[in-house]
K.L.:
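Sending over a structure as structure tokens; questions will come in a sec.
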Amino acid sequence: MGKLGGFLQVERHGIVYRDAGERAGDYTEFVVERDEAELREQGSRCMDCGVPFCHNGCPLGNLIPDWNDLVYRDRWQEAIGQLHATNNFPDFTGRLCPAPCEPACVLEIREGEAVTIKQIEHAIIERAFREGWVAPEPPRRELGQSVAVIGSGPAGMAAAQQLRRAGYAVTLFERDEAAGGLVRFGVPDFKIEKRIVQRRVEQLIAEGVELRCGVDVGVDVSADELHKRFDAIVLATGSRVPRDLQVPGRELGGIHFAMDYLYGRNRWVAREHGPDPTVPQPELGERITASGKNVIVIGGGDTGADCVGNALREGAAQIVQLELLPEPPLRRPEDRTPWPEWPLKFRLSYAMEEAKTARIGEQDYSITTRSFSGDAGGNVAALQIAQAEPAPPFGPIAGTERELPAQLVLLAMGFLGPELKLLDQLGVERDARSNVKAVSPYTTSVDGVFAAGDARRGQSLIVWAINEGRQCARIVDRYLAGKRNGRELPEDEALPHADADEGPEGPPQHVGPGVPAEQ
């Protein structure tokens, strides 16, 4: 159980970032890796609780106390075995997951005392790559059946890897020029360098996954072709339809969805710093730039923060980030989000810390946008805003109206659901939120078609995406075994990972900041 009484003797040391002023000048990852001896001490704080609530906080069911103890005992190779037992890509989650496991840690009953789970996870996988412990795992036998996985984000990559290792011929389709989904094209390099994504893509290819980038399924390959060529189809297309802001002046130039901006920035970084895409980048449309402009980011979540970070690095003159909801309290509100729930509390984003350090950043809460106004050329010049009421429908408060100058507005207000063109071609049913409807776990209304990740559950966390990809693969395995053997595969013979389930009802609970799930 780690060091007896270690949590009383060793002080928590959280994640360390590079200096905000320094890191804002480059696209290199800003998290500082700790010395392994210090991480062993941090691992010793884990109590191996009788009921480890960190498991409750982690959608993947990571074996957290197990690998904390192994790190403390300097048994790193065994630790990566335990980590990979539940998580295909801990190098992604160790960088990008908000770590709902930490607020659920029993030590977090005293707020701020949780074990530094995320940093230990990150250290385990990075040492494993340095030591050569991460290697391709091709299947020991071929089963003679094929699966098409559509979408190469974390859910699609996890499903493809699990199915390929079981012995299926897997083709992974991606309409963009390289695999990785929003981890590659949405998240900036200073949060996860794309060489980290690429080494996992190369692992998939070495295991025998056929990767087809630049192929828009539903356009370049029809649904009928998929049914003829493959024994099963997995939809992992993500939740890519952005929420719009329909107010007067929306048609003006210079108002863009956040992902359009982030895609452009990530493609620019790939051209400048690599790695090269699998197929050539598409012809660029309108170039969206923040250089020298007053930038307004509407939306206070991670996507909005990534827009702030990129705009700062481009040389924006001023950056203002607006959030519709009230500013959260500084500490966990026990009456609203008691331990071990995800705490609704204030967190200064890495990007706003950088912007404030550079004296060009401002973050405002309880703000509703009333309209946009433009210049003589038809481009946005200002926003008309007002203070919002603290509860839905967050209407404007009379007498609080004001104007903010803006030459670039980025809409980062979340996503509504998956794109419908391919879903309509396949004929799958959708739920009330337009996501793919699962008539049983991960199984759609069309025989042989399955769904996982944001396309099924709606916009959520990377850990949910990987979990869904793994569990969907298990259901596909059982389905194909039934076709192969004339009977459904027994549970104890299916792919060796967590039992498949439908997950919680309704929107994901581990979200924030944003509109509460119940609203």
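Reckoned from all heavy atoms, side chains included, excluding hydrogens, waters and symmetry mates.
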K.L.:
Just do the ring-ring contact (aromatic ring centres under 6.0 Å, His included) check on Y17 and Y350 with the steps written out, would you?
P.N.:
CA-CA 9 Å; Y17 293 171; Y350 76 90; 7.3 Å; no
K.L.:
So, does W339 use its side chain to make a donor-acceptor pair with the main chain of R332 at under 3.5 Å?
P.N.:
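Judged by distance alone, no pair lies under 3.5 Å.
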K.L.:
Please list, chain by chain and in numerical order, all residues satisfying side-chain hydrogen bond (donor to acceptor under 3.5 Å, both in side chains) with Q318, sequence neighbours excluded.
P.N.:
none
K.L.:
Side chains of T171 and V147, heavy atoms from C-beta outward: is any pair under 4.5 Å?
P.N.:
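Of all side-chain heavy-atom pairs linking V147 with T171, none is under 4.5 Å.
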K.L.:
Using a 4.5 Å cut-off on heavy atoms from C-beta on, say whether the side chain of H256 contacts that of L408.
P.N.:
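Answer yes - side chains close enough.
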K.L.:
Sort and list the pairs that fulfil salt bridge (charged side-chain N to carboxylate O under 4.0 Å, His left out) and have at least one residue in residues 155-164, not counting sequence neighbours.
P.N.:
E142-R164
K.L.:
Taking atom types as modelled, find out whether E419 and T237 have a side-chain donor-acceptor pair closer than 3.5 angstrom.
P.N.:
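The answer is no; no qualifying pair exists.
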K.L.:
Got a donor-acceptor contact below 3.5 angstrom from the D19 side chain to the E22 backbone?
P.N.:
yes
K.L.:
Classify the side-chain pair Q162/N88 by whether it contains a donor and acceptor separated by less than 3.5 Å.
P.N.:
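Indeed, the side chains of Q162 and N88 share at least one donor-acceptor pair under 3.5 Å.
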K.L.:
Are the charged groups of E353 and R23 less than 4.0 angstrom apart, N to O?
P.N.:
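Looking at R23 together with E353, the answer is yes, because their closest N to O distance falls below 4.0 Å.
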K.L.:
Would you say T369's side chain and I385's backbone share a donor-acceptor pair under 3.5 angstrom?
P.N.:
no
K.L.:
Just checking, any donor-acceptor pair under 3.5 angstrom between side chains of N310 and E314?
P.N.:
no
K.L.:
If the threshold is 4.0 Å, N to carboxylate O, is there a salt bridge linking R95 and E29?
P.N.:
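Answer for the salt bridge query: yes.
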K.L.:
Extract all donor-acceptor atom pairs below 3.5 Å that involve side chains of residues 60-68 and protein atoms in other chains or at least two apart in sequence.
P.N.:
from: N62; atom 1: OD1; to: T86; atom 2: OG1; distance (Å): 2.5
from: W67; atom 1: NE1; to: L63; atom 2: O; distance (Å): 3.4
from: N68; atom 1: ND2; to: I64; atom 2: O; distance (Å): 3.4

K.L.:
Who are the side-chain contact (heavy atoms from CB on, under 4.5 Å) partners of D26, not counting sequence neighbours?
P.N.:
R18, T28
K.L.:
Under the rule for salt bridge (Lys or Arg N to Asp or Glu O under 4.0 Å), what residues qualify as partners of E78, not counting sequence neighbours?
P.N.:
R75
K.L.:
Between CD of E193 and CG of D91, what distance do you get to the nearest 0.5 Å?
P.N.:
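E193 CD to D91 CG: 12.5 Å, rounded to 0.5 Å.
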K.L.:
What's the spacing between E108 CD and F53 CZ if we round to 0.5 Å?
P.N.:
13.5 Å
K.L.:
Have R271 and Q281 got a donor and an acceptor in their side chains that come within less than 3.5 Å?
P.N.:
yes
K.L.:
Partners of Q198 by side-chain hydrogen bond (donor to acceptor under 3.5 Å, both in side chains), sequence neighbours excluded?
P.N.:
R184
K.L.:
Using side-chain contact (heavy atoms from CB on, under 4.5 Å) as the criterion, list what pairs up with R130, not counting sequence neighbours.
P.N.:
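Applying side-chain contact (heavy atoms from CB on, under 4.5 Å) to R130 gives E33, E36, E126, R127.
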K.L.:
Could you tell me whether D220 and R175 make a salt bridge, using a distance below 4.0 angstrom between a side-chain N and a carboxylate O?
P.N.:
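Salt bridge: no.
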K.L.:
Report the residues that fulfil salt bridge (Lys or Arg N to Asp or Glu O under 4.0 Å) with R34, sequence neighbours left out, ordered by chain and then residue number.
P.N.:
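Checked R34 against salt bridge (Lys or Arg N to Asp or Glu O under 4.0 Å); matches are E38.
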K.L.:
Compare every heavy atom of A114 with every heavy atom of L107, then report the nearest pair and how far apart it is.
P.N.:
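That closest heavy-atom pairing would be CB-CA, 4.1 Å.
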K.L.:
Taking 4.0 angstrom as the limit, do E174 and R212 come out as a salt bridge?
P.N.:
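Answer for the salt bridge query: no.
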K.L.:
Does the T337 side chain pair with the main chain of L344, one donor and one acceptor, at a distance under 3.5 Å?
P.N.:
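Side chain of T337 to backbone of L344, a donor-acceptor pair under 3.5 Å: yes, one is there.
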K.L.:
To the closest 0.5 Å, what do you measure between CG (L96) and CG (L182)?
P.N.:
11.0 Å
K.L.:
Can you list everything that forms a side-chain hydrogen bond (donor to acceptor under 3.5 Å, both in side chains) with K293? Sequence neighbours excluded, please.
P.N.:
none
K.L.:
Is it true that R165 and E137 have a side-chain N and a carboxylate O under 4.0 angstrom from each other?
P.N.:
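Here R165 pairs with E137 in a salt bridge, since their nearest N and O are under 4.0 Å apart.
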K.L.:
Mind checking ring-ring contact (aromatic ring centres under 6.0 Å, His included) for F415 and listing every partner two or more places apart, or none if nothing turns up?
P.N.:
none
K.L.:
Donor-acceptor pair, E468 side chain versus A452 backbone, under 3.5 Å?
P.N.:
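No, E468 side chain to A452 backbone: no donor-acceptor pair under 3.5 Å.
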K.L.:
Which residues pass the ring-ring contact (aromatic ring centres under 6.0 Å, His included) test with Y261, not counting sequence neighbours?
P.N.:
none
K.L.:
What orientation do H273 and W268 show, parallel under 30°, tilted 30 to 60°, or perpendicular over 60°?
P.N.:
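Rings of H273 and W268: perpendicular, as their planes differ by over 60°.
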K.L.:
Do R45 and Q42 have a side chain donor and acceptor closer than 3.5 Å?
P.N.:
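No, because no side-chain N or O of R45 sits under 3.5 Å from a partner of the opposite role on Q42.
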K.L.:
Would you mind checking if D276 and K194 are paired as a salt bridge, meaning a charged N to carboxylate O distance below 4.0 Å?
P.N.:
no
K.L.:
Should E102 and K118 count as an ion pair when the cut-off is N to O under 4.0 Å?
P.N.:
no
K.L.:
Considering non-hydrogen atoms only, spot the tightest contact between P154 and G180 and give its length.
P.N.:
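P154 and G180 have their closest heavy atoms at CD-O, 4.2 Å.
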K.L.:
Might you point out which heavy atoms bring L348 and Q363 nearest each other, and give the distance in Å?
P.N.:
CD1-OE1, 4.1 Å
K.L.:
Please name all residues satisfying side-chain hydrogen bond (donor to acceptor under 3.5 Å, both in side chains) with N435, sequence neighbours left out, ordered by chain then number.
P.N.:
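Per chain and number, N435 pairs via side-chain hydrogen bond (donor to acceptor under 3.5 Å, both in side chains) with no residue.
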